[in-house]
Amino acid sequence: MKKVRVRFAPSPTGGLHLGGVRTVLFNYLFAKHHGGEFVLRIEDTDQTRYVEGAEEYIMECLDWCGLKPDESPVAGGPFVPYRQSERKPMYLEYAEKLLSAGHAYYAFDTPEQLDAKRKEIPNFQYGQAFRNEMVNSLTLTDVEVKEYLERGVPHVIRIKMPANETISFTDMIRGEVSFDTTLVDDKVLLKADGMPTYHLAVVVDDYLMKISHAFRGEEWLPSAPVHLLLWKYLGWEAEMPEWAHLPLILKPEGNGKLSKRDGDRLGFPVYAMNWTDPKTGDLTRGFRELGFLPQAFVNMLAMLGWNDGTEQEIFTMDELIEKFSMERVSKAGAKFDFEKAKWFNAEWIKRSEVEGLRLMVEEVLEKNSITVTDQDYLDKVIALVKDRCVLLTDFWPQASFFFRRPAELDISAVKPKWNDDKTTFFEHLLTKIAASPNWNATDLENDFKVLAEEKAIKVGELMLPFRIMLVGGKFGPAVFDIAALIGKEETAERVNKFLTLVNE
RNA sequence: GGCCCGUUCGUCUAGGGGUUAGGACGCCAGAUUUUCAUUCUGGAAACACGGGUUCGAUUCCCGUACGGGCUACCA
């Protein structure tokens with residue numbers, strides 16, 4: 001097998017979509033599984049769609065997900081440049097080669113003329129059926145063409161699709177796929193501005209960059225015959241990559257592929273990270289800022305259309321690399337399920353070591369104006385609450401009371417059953433606490449229970465009030481653990497505060 | 001419309017000529033946790049339809065239906 005080289009070739013037009021990240025992931029896993037290289041190539045051939053910051057955003061996404069390209073516009077590599085706009089001069093040569101071999105032709109039709117034609121003819125296709133009615137080097141005389149060219153009349157170069165040929169190939173996921181060339185139109189290869197279209201650019205760059213396997217979304221399947229023919233006409237057939245067209249990620253409710261708008265509408269992220277449109281200033285929320293762990297995000301994406309044949313669902317990147325194979329990717333599109341995505345995240349948080357969570361939790365706390373000064377304390381808090389967090393952002397509601405006194409106490413939860421005996425109990429608890437030389441959960445629990453017995457109050461009647469005092473509400477880890485962690489003084493303060501409040 | 005791709009619980013999927021069609025998410029019930037979550041146990045829930053092929057099809061073939069993609073000088 002030749003050296004495996006794959007590429008992810010996004011167009012920098014905005015935020016990186018779930019499906020895009022999954023395409024990168026499958027490329028990456030395949031490459032690393034085979035000890036090959038993963039290339040990032042920017043397909044910025046459409047200047048009208050260029051969006052400021054999109055390229056940087058894409059690279060940051062890859063970085064966050066841990067999908068590091070071996071070659072890229074910033075990392076460089078043996079096949080520079082990796083931005084198609086910077087490769088512009090290279091494409092003309094190949095287009096001309098096709099021209100002289102009769103596999104392509106000049107077309108001078110203006111966009112307006114094409115629009116008119118499309119309106120006039122219901123199923124207009126620039127190809128077999130209508131190319132002879134258009135203004136191109138097939139219908140013009142050589143002299144005319146030469147004259148047009150010399151005059152600088154805007155023109156494109158189109159591929160000349162052959163008639164009545166069946167072109168087929170073996171897709172690594174779908175098996176044999178075939179097309180009738182008569183039904184495929186004469187795609188534009190080189191635009192009037194001298195830039196190649198995707199069709200020419202992928203083929204030329206995949207060849208030049210020695211790409212061994214080309215993986216992309218299923219939406220590219222219909223244009224595969226154009227690419228196959230180009231490989232053939234350019235004389236590179238022997239080096240053509242193997243293809244795999246990945247199934248699409250669909251909207252949760254069924255109809256259509258997932259788009260950014262679905263996220264806004266249904267209330268879940270579609271982009272990997274927050275994306276702010278530089279023109280409108282609109283913010284689209286991403287998985288990262290919502291509180292997803294990159295490992296969980298990657299894991300979830302990998303399972304959307306792939307499995308290893310066992311019942312394992314939680315995989316580390318190394319395991320994915322070890323087990324991934326394109327043949328086990330399913331053919332059908334998958335509807336995105338945000339509930340399952342959250343489950344992956346919760347699993348990852350639970351299974352993560354405290355050290356792995358530290359930085360991210362610290363960030364969440366900082367967003368809530370908490371500066372962590374004692375790392376040991378933070379670690380203990382994380383250990384205590386991580387099992388109850390689904391998103392990293394949950395660490396705030398689940399642990400805020402470890403860092404500041406609860407803003408509000410849910411007194412209504414205990415008030416109806418409150419009485420003077422309970423006040424006395426807690427007052428005595430306070431003096432007992434103050435006198436005790438030890439401060440830990442077990443001793444405290446013991447003192448608490450002994451005292452309850454002395455006062456003839458059921459422990460159960462006292463636990464909830466104690467929790468409300470410390471936490472503010474009916475949630476959180478074991479009360480005595482909380483008390484032990486926040487400290488003797490703080491515990492006393494909170495008890496006192498509650499007592500004055502409840503006895504008002 | 002044309003072309004291409006697809007179709008197993010609500011969702012993600014395993015499986016594959018003879019299975020009680022397996023798992024996970026979600027949902028429901030119970031247990032544990034003197035809060036909540038976690039955890040554990042159990043439950044409901046699927047082979048789109050019609051023809052073949054076959055002793056036997058959910059599995060193979062052909063149709064139909066349905067879903068999706070493409071049909072730009074966008075990628």
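So that the names make sense, note that chain A is the first sequence line, chain B the second, and so on, each numbered from 1.
Within the nucleic acid shown, Arg216(A) has no heavy atom closer than 4.0 Å to any nucleic acid atom. Heavy atoms of Pro477(A) sit under 4.0 angstrom from at least one base atom. Heavy atoms of Thr310(A) sit nowhere under 4.0 angstrom from any nucleic acid atom. Heavy atoms of Ser178(A) sit under 4.0 angstrom from primed sugar atoms or phosphate atoms, though from no base atom. At the heavy-atom level, Ala478(A) lies under 4.0 Å from base atoms of the strands shown.
Listed nucleotides rU71(B), rA75(B), rG68(B) differ in distance to Leu248(A); the shortest reach to its side chain belongs to rG68(B). Taking the side chain of Leu250(A) as heavy atoms from C-beta on, and the options rA75(B), rG68(B), rC12(B), the nearest nucleotide is rG68(B). Here the nucleotide nearest the side chain of Met463(A), chosen from rC12(B), rA75(B), rU34(B), is rU34(B). Checking rU71(B), rG69(B), rA75(B) against every side-chain atom of Thr45(A), the shortest atom distance belongs to rA75(B). The Gln125(A) side chain lies nearest to rU71(B) when the options are rC70(B), rU71(B), rU35(B). In this structure, of rU39(B), rC5(B), rC73(B), it is rC5(B) that holds the atom nearest to the side chain of Arg174(A). Distance from the side chain of Lys331(A) is smallest to rG6(B) among rC4(B), rU35(B), rG6(B). Of the candidate nucleotides rC70(B), rC74(B), rU38(B), rC70(B) has the atom lying nearest to any side-chain atom of Glu219(A).
Going from the P atom of rU64(B) to that of rC27(B) covers 41 Å, rounded to whole Å. Rounded to a whole angstrom, the distance from the P atom of rC47(B) to that of rU11(B) is 12 Å. Taking atom C1' on both nucleotides, rU59(B) is separated from rA46(B) by 15 Å, rounded to a whole Å. Rounded to the nearest Å, the gap between the P atom of rC25(B) and that of rA21(B) is 22 Å. Remark: the separation of the P atoms in rA37(B) and rA29(B) is 13 Å, to the nearest Å. Spacing of P atoms, rU53(B) relative to rA24(B), comes out at 40 Å, to the nearest Å. Comparing rG22(B) with rG42(B), their P atoms are spaced 14 Å from each other, to the whole Å.
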Sugar-phosphate or base contact per nucleotide [nucleotides 19-29 of chain B; S, B, -; heavy atom under 4.0 Å]: ---SSBS----
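Figure legend: Arg22(A) and Phe26(A) shown as a cation-pi pair, the cationic atom lying under 6.0 angstrom from the six-membered ring centre and within 45 degrees of its axis.
Of the residues in residues 449-462 of chain A, those placing a heavy atom less than 4.0 Å from an atom of RNA chain B are Lys449(A), Val459(A), Gly460(A), in numerical order.
Comparing Arg22(A) and Gly473(A) along RNA chain B, the residue whose closest nucleotide (by nearest heavy atom) sits nearer the 5' end is Arg22(A). If you find the closest nucleotide of RNA chain B to Asn307(A) and to Leu183(A), the one lying nearer the 5' end belongs to Leu183(A).
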Donor-acceptor contacts under 3.5 Å from residues 444-456 of chain A side chains, at least two apart:
| residue | atom | partner | partner atom | Å |
| --- | --- | --- | --- | --- |
| Glu445(A) | OE2 | Lys449(A) | NZ | 2.8 |
| Lys455(A) | NZ | His428(A) | ND1 | 2.6 |

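Counting to the nearest Å, the P atom of rG69(B) and the NZ atom of Lys335(A) are 12 Å from each other.
If you look at Tyr271(A) and Phe287(A), their ring centroids are not closer than 6.0 Å.
Side-chain contact of Tyr148(A) with Asn136(A): a donor-acceptor pair under 3.5 Å is absent, judged by distance alone.
The partner of rA65(B), taking Watson-Crick or G-U wobble pairs whose two distances both stay under 3.5 Å, is rU7(B). Nucleotide rG1(B) forms a pair with rU71(B), judged by Watson-Crick or G-U wobble geometry with both contacts under 3.5 Å. Pair assignment for rC55(B): rG18(B), on the basis of Watson-Crick or G-U wobble contacts that are both within less than 3.5 Å. rA37(B) makes up no base pair with any nucleotide shown, lacking Watson-Crick or G-U wobble contacts both under 3.5 Å.
In this structure, the side chains of Arg7(A) and Leu40(A) stay at 4.5 Å or more apart for every pair of heavy atoms. Considering only heavy atoms from C-beta on, Met161(A) stays 4.5 Å or farther from Asp185(A) through its side chain.
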